Number of protein chains: 2
Amino acid sequence: MPYDPSEFPPFAVTVDLVVLTVRRHALCALTVRRGEEPYRGLWALPGGFVRADEDLASAAARELAEETGLRTQDSDSRHAGAHLEQLATYGDPVRDPRMRVVSVAHLVLAPDLPAPTAGGDAGSAQWMPVRRLLGATDATPAERLAFDHATILDDGVERARSKIEYSSLAAAFCPAEFTVGELRRVYEAVWGVALDPRNFHRKVTGTPGFLVPVGGTTTRQGGRPAQLFRAGGASALNPPMLRPDV
Amino acid sequence: MPYDPSEFPPFAVTVDLVVLTVRRHALCALTVRRGEEPYRGLWALPGGFVRADEDLASAAARELAEETGLRTQDSDSRHAGAHLEQLATYGDPVRDPRMRVVSVAHLVLAPDLPAPTAGGDAGSAQWMPVRRLLGATDATPAERLAFDHATILDDGVERARSKIEYSSLAAAFCPAEFTVGELRRVYEAVWGVALDPRNFHRKVTGTPGFLVPVGGTTTRQGGRPAQLFRAGGASALNPPMLRPDV
DNA sequence: CTAATAGTGTCTCTTAGACAATATATA
DNA sequence: TATATATTGTCTAAGAGACACTATTAG
């Protein structure tokens, strides 16, 4: 089928963001309250239009900065920048009742932040526990997500859950320097399981290049002081960390 | 940022297809010769515009049928339908010199087909060995792909290589009934390595639900007749098949 | 002291990988 | 017969999971 630029159907293209963090042992997603129809009053994922001269990843990074003040890792290579990657694209013809909108969803993994309302126009942004947004059982209608955002969030959470199995991506949920116990609690929150602290310690410290000792210790968690590490260059974890119960 | 439908920038949205198969022990991709500018005469991935009332996956399935006559597995649940999944979306502002085009790439894994030109408008479609399209070393200019299609193909090949590690997706490269040896040759072609036939046999037949014996035998490959299997329902392979050399 | 977390060691069981040996077809 | 592929079995080394034990802080 040859291109015919004069008769292509016009689409609006947006980016939506699944921004995940771990707060108080729970996996949370950033949500914003919709102030207008459709779905007025419901929670939605942050997002917005891709500009005419803008790359998709740039649009996602820009929206992220606007909503949270977060920088991505690409721009600031070492200091706890958030991880950003493309997730998937959603283009059901009726997903937005107003017009044909194709949304390129992105996944952001961020360390715990003090408060989500750093940016300008996100007056009612909030970290919501993923369990409450996706709980198939008894979701309060007020906690339902607008549009197809529950599907997008579900896909993003599943991506995060599977990616930390075989990569060092879980460190993106931690501050620049962290302990083995903090990293383990990330896995436990994301997977919703309990891991044996001793076997976990042996696994992550025994994988070359996965963690780099940084010298100091901390007693943030109480108990015996723990060594501080930062994420090593090894992005591949082989053999992978095995998710229990699967 | 509130929606303002009256001033969103208009985009064209296309689907591009990375259609992979295994022919004569080599991983091959479906390519079409471009008949017009830009990139006239170069190979490109098949694809086309998403229609105004069409879902992304439907557009990909339609283009696939037009170019190859292949049906996807969703429509025909058991008989060697091709596997189709969304791959990623490419939206660099200058990826198409004529206009702003966002392309939602899809990955198709298909059994070996007699000839690629089953459809109507794909007069110059051809299976090309992936090695020659992506060979970083000495790629003939005539074998370069148009637009950013080399990047898309690379992403698709990498997706296929990693997904067969932990899923039964390799069976999508085989006919409906296949032998353990044929499945092993798929892994060998996709990964570009040699696998031990005995350990491979033990692994795949020892994983419950991965392969279902279908009763007959075949001697397609010469040698002792091999049992025929079809893909089992178990889509998850845990622990995964380990890719050597990594 | 107790409670909490960090970290090491040890045991068992499963499995990957190497490879010997046997089975059954074609040329 | 030789040759090719299929299939089973055996051995070893590595790693996961269970868990005893020690180390070091706070209260």
Side-chain angles (χ1 to χ4, degrees), chain A residues 24-25 164-166 174 177-189 191 193-230 234 236-246, chain B residues 24-25 164-166 174 177-189 191 193-230 234 236-246:
Chain A
R24 278 165 297 165
H25 293 222
I164 65 175
E165 282 186 50
Y166 55 89
C174 296
E177 297 184 354
F178 54 89
T179 70
V180 172
E182 289 166 347
L183 186 65
R184 175 172 49 82
R185 277 179 278 274
V186 164
Y187 277 90
E188 293 179 329
W191 284 347
V193 299
L195 299 175
D196 186 290
R198 299 157 293 186
N199 292 335
F200 183 88
H201 191 281
R202 178 158 44 85
K203 172 76 175 174
V204 296
T205 57
T207 301
F210 190 67
L211 294 182
V212 178
V214 86
T217 61
T218 183
T219 180
R220 281 198 280 267
Q221 304 293 333
R224 169 175 167 181
Q227 291 181 63
L228 284 169
F229 296 87
R230 61 177 175 78
L237 188 53
N238 196 297
M241 181 94 54
L242 291 181
R243 180 160 28 157
D245 121 71
V246 179
Chain B
R24 278 167 295 166
H25 293 220
I164 64 175
E165 281 187 50
Y166 54 89
C174 296
E177 298 184 354
F178 52 88
T179 70
V180 172
E182 289 167 347
L183 186 65
R184 175 172 50 80
R185 277 179 278 275
V186 164
Y187 277 89
E188 292 178 330
W191 284 346
V193 298
L195 298 176
D196 185 290
R198 298 157 293 185
N199 292 334
F200 182 87
H201 191 282
R202 177 158 44 83
K203 172 77 176 173
V204 296
T205 57
T207 301
F210 191 68
L211 293 183
V212 178
V214 86
T217 61
T218 183
T219 179
R220 280 198 279 269
Q221 304 293 332
R224 171 177 167 179
Q227 290 182 62
L228 284 169
F229 296 88
R230 59 177 177 81
L237 188 52
N238 195 299
M241 180 94 52
L242 291 181
R243 180 162 26 158
D245 120 71
V246 177

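In this text the structure is predicted, and so the values were computed from the model without any measurement.
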Could you tell me which non-hydrogen atom of B:Gln227 sits nearest to which non-hydrogen atom of B:Pro213, and how far apart they are?
->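 Closest pair (atom of B:Gln227, atom of B:Pro213, distance): OE1-CB, 4.4 Å.
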Might you point out which heavy atoms bring B:Arg243 and B:Glu165 nearest each other, and give the distance in Å?
->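 Smallest interatomic distance, heavy atoms only, reads NH2-OE2, 3.0 Å.
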So, is B:His201 close to the D:dT7 phosphate, meaning a side-chain N or O under 4.0 Å from OP1 or OP2?
->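 The answer is yes; a side-chain N or O of B:His201 sits under 4.0 Å from OP1 or OP2.
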Hey, does the side chain of A:Gln227 come within less than 4.0 Å of C:dA6's phosphate (OP1/OP2), counting only N and O?
->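 Checking C:dA6 against A:Gln227, no side-chain N or O comes under 4.0 Å of OP1 or OP2.
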Between [N] ([atom2]) and [X] ([atom1]): distance, integer Å:
X: A:Leu195; N: D:dA16; atom1: CG; atom2: C1'; answer: 12 Å
X: B:Leu228; N: D:dA6; atom1: CG; atom2: P; answer: 11 Å
X: B:Arg184; N: D:dT5; atom1: CZ; atom2: C1'; answer: 8 Å
X: A:Phe178; N: C:dA6; atom1: CZ; atom2: P; answer: 13 Å
X: A:Phe200; N: D:dC19; atom1: CZ; atom2: C1'; answer: 18 Å

A:Val214 versus A:Phe178: any side-chain heavy-atom pair under 4.5 Å?
->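 Side chain of A:Val214 against side chain of A:Phe178, heavy atoms only: no contact under 4.5 Å found.
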Kindly indicate whether the side chain of A:Leu228, heavy atoms from C-beta on, has any atom under 4.5 Å from the side chain of A:Thr179.
->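 Answer yes - side chains close enough.
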So what does A:Arg185 touch, heavy atoms closer than 4.0 Å: a base, only the sugar-phosphate, or nothing?
->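 A:Arg185: backbone/sugar contact only, no base atoms under 4.0 Å.
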[atom1]-[atom2] distance between [X] and [Y], expressed to the nearest 0.5 angstrom:
X: A:Ile164; Y: A:Leu183; atom1: CD1; atom2: CG; value: 8.5 Å
X: B:Trp191; Y: B:Met241; atom1: CH2; atom2: CE; value: 6.0 Å
X: A:Arg230; Y: A:Leu211; atom1: CZ; atom2: CG; value: 10.5 Å
X: B:Thr217; Y: B:Arg224; atom1: OG1; atom2: CZ; value: 10.0 Å

Under the side chain to side chain contact (heavy atoms under 4.5 Å, CB included) rule, collect the residues that match up with A:Arg184, sequence neighbours excluded.
->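 Expected list: A:Glu188, A:Leu195, A:Pro197, A:Phe200.
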Extract from the structure each pairing of a protein N or O with an N or O of nucleotides 13-19 of chain C at less than 3.5 Å, listing the distance.
unit_1, atom_1, unit_2, atom_2, d
C:dA16, OP1, B:Lys203, NZ, 2.6
C:dG17, N7, B:Arg202, NH2, 3.2
C:dG17, O6, B:Arg202, NH2, 3.4
C:dA18, N7, B:Asn199, OD1, 3.3
C:dA18, N7, B:Asn199, ND2, 2.9
C:dA18, N6, B:Asn199, OD1, 3.2
C:dA18, N6, B:Arg202, NH2, 3.3
C:dC19, N4, B:Asn199, OD1, 3.4

Between the protein and nucleotides 24-27 of chain D, list the N/O to N/O atom pairs that are separated by less than 3.5 angstrom.
unit_1, atom_1, unit_2, atom_2, d
D:dT24, O2, A:Arg224, N, 3.3

